[in-house]
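So the structure is just underneath, and the comments pick up after that.
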2 protein chains.
Amino acid sequence: MRRHTTIKDIAKVAGVSHTTVYRALNDKPRISQSTKEQIISIAQEFNYQPNVLAQSLVSGRTKTLGLVITTIVNPFYPELARGIEATARFLGYSIILCCTNFDISVEKQYIDMLRSRGVDGMIFTSAHIHDPNITRLVEDNFPLVLVNRKISGDPGIEAVDYVVVDNVMGGYLAVEHLIKMGHQRIGVISGPSDSSVAADRLVGVRNAFTEYGLNPTELLVLEGDFLKPSGYEAARKFLSLRNPPSAIFGINDYMAMGALEAILDSGLRVSEDIALMGFNDIEFSSLRTIELSTIGQKKYEMGSIAVHTLIERIEGGDWDKVTQITLEPDLIIRRSCGYHLRGYTVPTRSYSQI
Amino acid sequence: MRRHTTIKDIAKVAGVSHTTVYRALNDKPRISQSTKEQIISIAQEFNYQPNVLAQSLVSGRTKTLGLVITTIVNPFYPELARGIEATARFLGYSIILCCTNFDISVEKQYIDMLRSRGVDGMIFTSAHIHDPNITRLVEDNFPLVLVNRKISGDPGIEAVDYVVVDNVMGGYLAVEHLIKMGHQRIGVISGPSDSSVAADRLVGVRNAFTEYGLNPTELLVLEGDFLKPSGYEAARKFLSLRNPPSAIFGINDYMAMGALEAILDSGLRVSEDIALMGFNDIEFSSLRTIELSTIGQKKYEMGSIAVHTLIERIEGGDWDKVTQITLEPDLIIRRSCGYHLRGYTVPTRSYSQI
DNA sequence: TGGATTTGAGTTAACGTTAACGCAGGGATC
DNA sequence: GATCCCTGCGTTAACGTTAACTCAAATCCA
């Protein structure tokens with residue numbers, strides 16, 4: 001089954017050479033209108049579809065991109081992937097999905113696979129700052145774009161394309177809001193120490209503390225892994241302190257959800273007893289029963305820009321052009337930080353805006 | 001950049017023919033141990049990776065599968081995709097992600113693309129019962145597996161492999177629970193009429209009504225589209241009736257989340273004023289602030305089984321073997337249906353089980 | 001009307017891998 | 001010592017498309 005009809009099959013039927021068929025089907029010159037029409041009608045009859053593999057072998061291009069993420073269960077990624085997938089499709093590219101599960105050897109395995117398959121470029125999302133796999137790709141001048149992460153340390157690595165949100169500003173905005181809501185002792189659930197996202201957001205956190213003249217010892221930091229259970233664990237630890245923080249900032253919403261669970265499990269109320277802040281504005285943060293204050297970023301656009309950037313590098317030919325884009329984060333105020341308790345009404349959004 | 005070293009490059013360096021290199025690198029006989037070792041060491045030095053495109057052109061196999069879903073933002077799909085992606089990787093296959101956005105012409109476009117790329121098989125998830133695109137694939141004997149959907153109507157279509165949860169039973173269990181909680185007037189937020197998932201779940205709903213001797217006119221059904229906003233809209237309509245239902249069954253959790261919003265927006269309390277039931281047990285349904293009763297299904301396993309089934313068909317050679325697997329759903333009781341209000345304690349699960 | 005150009009094809013090779021086949025030399029067999 | 005087979009390679013073609021090159025016939029222009 002399923003042996004596709006080829007250009008040569010059509011050639012045989014039409015009684016011409018395969019090159020003539022090629023010319024007919026690809027609008028090339030040097031063919032008469034009549035044979036062209038005849039060949040096209042035969043091709044339609046046989047429902048001819050060109051074999052992309054063979055095309056790729058000749059052209060050296062596969063019109064395929066690798067999307068390397070940690071795990072699709074972190075709701076941030078599906079929202080990002082939407083923009084990536086839709087834009088890639090629009091531009092005629094396919095996406096191969098690769099989930100590393102935070103395992104750098106799986107990442108290596110995936111990169112080898114993607115290179116073997118001849119993908120034209122790769123999209124990497126947040127993980128380690130120093131990533132030998134990526135360093136290697138950069139050395140080889142392989143087209144790639146980083147989304148929501150930066151890397152550093154290795155020579156030449158500064159010239160890598162990326163699209164990020166301003167995480168420093170995001171961290172700053174988040175904690176500034178907490179401070180304005182009256183919190184001076186803040187527990188931060190951060191990410192792994194080798195994550196650029198976590199590092200940047202923490203810098204913003206510290207900036208806010210400094211700027212508002214607060215005591216740095218009132219800043220508590222625990223490391224999570226960006227997943228919900230680690231948010232739960234960290235919040236549990238914060239709450240079991242003799243002097244627990246009055247606010248918790250989960251460096252992403254997913255961990256903040258875990259923290260939310262922990263807070264409720266401890267018999268406390270969010271916003272009345274303890275403020276909670278997240279980062280990313282995943283869809284569920286806006287639910288009425290959650291109302292998590294957070295830092296919003298344009299995930300769909302981020303994905304879309306990343307794909308445009310990557311394809312520009314692949315097709316554009318301008319080898320030296322470096323595209324590094326930093327988007328602005330938004331402070332999104334919901335009830336979890338007690339804004340409404342202070343007599344203000346939380347700016348509600350209509351459902352259609354969600 | 002990035003012109004891979006080929007078998008011929010290595011042959012030139014080693015001073016042998018490319019066939020000899022091939023034999024060395026693929027553990028073929030008819031080669032001496034010494035030349036073999038020499039060639040392998042050269043290959044390692046040059047970091048040789050075989051060109052999968054060329055291999056595929058010869059073998060007719062790409063070790064690639066297409067995953068066709070409606071939209072990755074419905075949280076059901078990431079949870080399913082996890083199992084698919086992990087299993088595919090384990091078995092040496094790659095996944096091309098295709099989101100149709102419920103548009104059958106986009107689906108067609110994607111199918112053509114996948115066939116052009118020579119994918120070895122496709123995985124389709126829930127959409128229409130009658131899908132000409134799929135009928136066509138079945139006619140062509142193209143390896144495919146349906147996840148969480150059935151199709152019918154067209155000859156030969158009964159022999160398609162699928163993996164589903166028993167949606168009839170799931171619908172039954174959901175409504176049976178509502179009935180046991182004392183609800184006799186139930187609003188169902190269903191899916192599009194051409195969705196097999198929605199149809200089956202509705203059958204289960206009706207079965208439960210009949211079996212418990214309830215009046216069918218007390219069963220209200222509105223059509224949603226499986227997405228959250230449509231759940232909101234439908235619930236709004238239910239609540240604005242002169243005689244609103246005392247329970248709402250969202251045929252998937254995502255729409256139930258929308259219904260939850262609508263209920264709260266109407267100033268009502270879930271479980272005290274109106275019961276709410278979902279289907280799928282997406283991760284967020286278990287959050288303490290949501291506690292949505294729902295029908296659970298093993299999504300990861302479903303994805304994993306689907307991939308195994310598909311690859312068995314591709315590689316197994318047993319062309320006539322039809323694999324149709326129906327998994328059992330679980331009733332998951334949480335607070336949204338008022339179980340706890342009746343003096344029972346809701347069976348809580350420890351955090352690690354979530 | 002004869003030479004130059006254009007038109008409408010066909011032939012051939014290339015992309016990188018796989019695989020069928022060929023072939024010389026050497027050891028075993030009778 | 002002739003036959004046979006095995007070992008260790010090389011040669012060649014194939015997968016389906018693209019593209020450079022060739023070439024005869026038709027057309028054009030002076």
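Here is how names work: the chains are called A, B, and so on, in the same order as the sequence lines, proteins then strands, and each is numbered from 1.
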In this structure, how many angstroms lie between the P atom of C:dG10 and the NZ atom of A:Lys12, rounded? 14 Å

Pairing of A:Lys36 and A:Asp27 as salt bridge, 4.0 angstrom limit: yes

By the 4.0 Å heavy-atom rule, please label A:Ser17 as base, sugar-phosphate, or nothing. base

Checking side-chain polar atoms at under 3.5 Å, does A:Ser56 have a donor or acceptor matched by the opposite partner on A:Thr62? no

Any N/O donor-acceptor pair, B:Arg23 side-chain to D:dG10 base, under 3.5 Å: yes

Any N/O pairs under 3.5 Å between the protein and nucleotides 15-18 of chain D? List them or say none.
| from | atom 1 | to | atom 2 | distance (Å) |
| --- | --- | --- | --- | --- |
| D:dT17 | OP1 | A:Tyr48 | OH | 2.6 |
| D:dT17 | OP1 | A:Asn51 | N | 3.2 |
| D:dT17 | OP2 | A:Ile7 | N | 2.7 |
| D:dT18 | OP1 | A:Gln55 | NE2 | 2.8 |
| D:dT18 | O4 | A:His18 | NE2 | 2.8 |

Residue pair B:Leu146 / B:Thr125, side-chain heavy-atom distance below 4.5 Å: no

Write out a two-atom table: protein N or O, nucleotide N or O from nucleotides 24-27 of chain C, distance below 3.5 Å.
none

Could you walk me through whether B:Thr64 and A:Arg117 pass the side chain to side chain donor-acceptor pair (under 3.5 Å) test, one step at a time? CA-CA 10 Å; B:Thr64 305; A:Arg117 279 176 196 270; 2.5 Å; yes

Salt-bridge present (A:Arg115, A:Asp140; N to O < 4.0 Å): yes

Quickly work out the B:Arg30 CZ to D:dT11 C1' distance and round it to whole Å. 15 Å

Sugar-phosphate, base or nothing in reach of A:Thr35, heavy atoms under 4.0 Å: sugar-phosphate

With a 4.5 Å cut-off on side-chain heavy atoms, are A:Ile123 and A:Leu310 touching? yes

Between B:Asp131 and B:Arg149, does at least one N-O distance fall below 4.0 Å, as a salt bridge requires? yes

Indicate yes or no: does A:Asp120 engage A:Lys63 in a salt bridge with an N to O separation below 4.0 Å. no

Measure from CD on A:Gln33 to P on C:dG8 and round the result to the nearest Å. 9 Å

Give the rounded distance in Å between these two atoms: CG of B:Leu25 and P of C:dA19. 14 Å

